[in-house]
Amino acid sequence: MTTPNKPLVGVLWMIVTGLCFVTVTAIVKHSAQDLPAAQAAFMRYVLGLVFLLPVAKGLMATRLERATLVRFSLRGVIHSLGVILWFFSMTRIPIAEVTAMNYLVPIYVTVGAALFLGEKLAARRIAAVGAGLLGALIILRPGFREVDLGHIAMLGTAAGFAGSYLLAKKLSGEVPASMVVAMLSIFVTLGLAPFAFAVWVPPSLEDWGWMFLVAVFATGGHYAMTYAFAAAPVTVTQPVTFLQLVWAVLLGWLAFNETPDVWVIVGGGVIISAVSFITWRESVLRRAQARAAIEAGQV
C-alpha cells in the first residue's frame with residue numbers, strides 16, 4: 001500500500017503535531033518545577049491510560065508470546081528512563097535546547113539500527129550521522145560555556161527514545177501497531193511507578209490538571225503525526241519538524257524570558273538537515289527495492 005500524495009495535508013498535520021509537542025514542553029516547563037521528574041512523568045502516563053479505554057477489550061483478549069512480552073518490558077524500562085531524563089531536562093535548560101537536542105533521536109536510531117539490527121551504514125549515512133553529532137556539539141559548545149546536567153540528561157533521553165523506537169520496529173513485525181502503542185503506555189506507567197513512589201510528594205489538584213493536559217496534547221501530537229504520515233511521504237513532512245524549534249525559541253523567549261541563542265538554532269538546523277537527508281535516502285532506497293521486486297516478479 002503506497003502513501004497517498006497529499007503534501008499540503010501532510011504538512012498541515014505535521015504543523016499541528018509540532019504545536020502539540022511544543023505545548024507539552026511549555027506545560028511541563030511551567031507546572032513541573034516543584035514535582036520530582038519521575039513523579040511528574042508517572043502522573044502524565046497514568047492519566048494518559050484513559051485514552052486506552054476504547055481498545056481495552058481488544059488488549060485483554062490478545063495473547064502474547066513470552067519473547068514479545070520480554071521486549072515490551074525492556075522497551076518500557078528504556079522508555080521510562082528516557083522520559084524521566086526528559087522531564088528533568090525541562091526543569092534545567094531552555095525549551096529551545098531541549099527541542100533541538102531531541103532531534104538527535106533519529107541519528108541515534110540510525111546508528112542503533114546498524115549496530116543491533118544489522119542494517120548497512122553507507123558512507124552517506126555515516127556523513128549524515130556525523131553532521132547530526134556536529135549539530136549537537138554546536139548546541140552544547142563544551143569549553144565555551146558550562147554544560148548543564150540538563151544537557152547531559154537530554155543526551156540520555158535521545159538514547160533512551162532511540163532504543164525504544166528500535167524495539168518498536170522489532171515489535172511492529174510481531175503485533176499490530178495499535179498494540180505497540182498501547183503496550184508502551186502500559187509498560188511505561190509500570191516502569192515509572194517505582195521511581196515515582198520513591199520520591200513522591202503530595203500533588204495538588206492543579207498538578208493533576210496540568211499533567212492531564214500534558215497527556216491530552218501528547219496524545220493529540222501522536223495522532224496528528226500519524227495522520228501526517230498517512231497523508232504524505234515522510235520526506236515531505238520531516239523538514240516541517242524544524243518549525244517546532246522555531247516555535248520553541250519564540251515560546252521560551254516570550255513566556256519564560258529565555259534569551260534566544262543563535263547557536264541553538266544553527267545546531268538544530270544542522271541536526272534536522274542530517275535527519276532529513278537520512279529520511280530522504282531511506283525513501284529512495286525503499287522505492288528502488290520496490291521497483292526491483294516488481295521487475296523480478298515480471299521476469
Side-chain angles (χ1 to χ4, degrees), residues 12-56 76 79-102 105 150 153-154 157 160-161 164 181-182 184-193 195-197 199-228 241 243-258:
L12 289 175
W13 274 120
M14 190 55 76
I15 290 174
V16 173
T17 299
L19 288 172
C20 285
F21 288 149
V22 168
T23 301
V24 167
T25 59
I27 294 173
V28 172
K29 185 78 172 178
H30 170 72
S31 63
Q33 297 290 336
D34 297 326
L35 291 174
Q39 179 180 343
F42 173 75
M43 290 168 63
R44 170 262 182 269
Y45 270 90
V46 77
L47 289 168
L49 292 178
V50 69
F51 298 108
L52 297 183
L53 291 177
V55 296
H79 202 94
S80 296
L81 294 174
V83 169
I84 292 172
L85 291 173
W86 184 85
F87 270 78
F88 174 77
S89 297
M90 281 304 307
T91 65
R92 299 280 307 211
I93 60 177
I95 290 176
E97 297 186 19
V98 171
T99 302
M101 294 187 69
N102 206 47
V105 174
M154 273 308 300
T157 294
F161 288 167
S164 173
V181 175
L184 176 65
S185 296
I186 294 171
F187 276 92
V188 170
T189 302
L190 294 173
L192 289 171
F195 295 99
F197 295 150
V199 294
W200 192 268
V201 296
S204 65
L205 286 177
E206 184 179 1
D207 292 330
W208 284 108
W210 283 120
M211 289 304 106
F212 181 70
L213 279 179
V214 170
V216 169
F217 280 103
T219 302
H222 285 292
Y223 273 111
M225 186 184 297
T226 301
Y227 293 146
T241 61
L243 286 174
Q244 188 175 338
L245 178 58
V246 176
W247 293 325
V249 171
L250 292 174
L251 182 65
W253 179 34
L254 297 174
F256 298 100
N257 198 30
E258 296 174 350

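All values below were derived from every heavy atom in this structure, side-chain atoms included, with hydrogens, water molecules and symmetry-related copies excluded.
- Heavy atoms of other residues, nucleotides or ligands lying less than 6.0 angstrom from CG of L53 number more than 12.
- For CZ of F51, the number of neighbouring non-hydrogen atoms (other residues, nucleotides, ligands) closer than 6.0 Å is greater than 12.
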Working for side chain to side chain contact (heavy atoms under 4.5 Å, CB included), residues Y45 and M211: CA-CA 9 Å; Y45 270 90; M211 289 304 106; over 6 Å; no
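- The salt bridge (Lys or Arg N to Asp or Glu O under 4.0 Å) contacts involving residues 13-27 comprise nothing, where partners must be two or more places apart or lie in separate chains.
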Pair T23-I27, side chain to side chain contact (heavy atoms under 4.5 Å, CB included): steps then yes or no: CA-CA 6 Å; T23 301; I27 294 173; 3.9 Å; yes
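- The two residues I95 and A248 make their nearest non-hydrogen contact at CG2-CB, 3.7 Å.
- Once rounded to the nearest 0.5 Å, the distance linking CZ of F197 with CG of L192 reads 10.0 Å.
- Pairing each heavy atom of A215 with each of T219, the nearest pair is O-OG1, 2.8 Å.
- Every residue meeting the ring-ring contact (aromatic ring centres under 6.0 Å, His included) condition with W13, not counting sequence neighbours, appears here in chain and number order: Y227.
- Of all heavy-atom pairs between L35 and M43, the closest is CD1-SD, 4.1 Å.
- Interatomic distance, NZ of K29 versus OG of S89, reported as 9.5 Å (0.5 Å rounding).
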Step-by-step side chain to side chain contact (heavy atoms under 4.5 Å, CB included) determination, V28 to W86: CA-CA 10 Å; V28 172; W86 184 85; 3.8 Å; yes
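- Separating the CZ atom in R92 from the CE atom in M154 is a distance of 14.5 Å, to the nearest 0.5 Å.
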Candidate pair Q39 and F87, rule side chain to side chain contact (heavy atoms under 4.5 Å, CB included), full reasoning: CA-CA 9 Å; Q39 179 180 343; F87 270 78; over 6 Å; no
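- When all heavy atoms of V199 and A38 are compared, the closest pair comes out as CG2-CB, 4.3 Å.
- With rounding to the nearest 0.5 angstrom, the OG1 atom of T157 is 5.5 Å from the CZ atom of F161.
- Here the closest non-hydrogen pair linking A26 and L251 is CB-CD2, 3.2 Å.
- Using a distance-only test at 3.5 Å, with no hydrogens or angles considered, no donor-acceptor pair links the side chain of S164 to the main chain of H79.
- Applying the salt bridge (Lys or Arg N to Asp or Glu O under 4.0 Å) definition to pairs two or more places apart or across chains, none involves residues 205-221.
- Note that OG1 of T25 is 12.0 Å distant from CH2 of W247, once rounded to the nearest 0.5 Å.
- Closest non-hydrogen pair, A32 versus A40, comes out as CB-CB, 4.2 Å.
- Other residues, nucleotides and ligands place more than 12 heavy atoms under 6.0 Å from the CZ atom of F187.
- The structure places CZ of R44 at 11.0 Å from CZ of F212, a figure rounded to the nearest 0.5 Å.
- Between the side chain of Q244 and the main chain of T99, no donor-acceptor pair closer than 3.5 Å is present.
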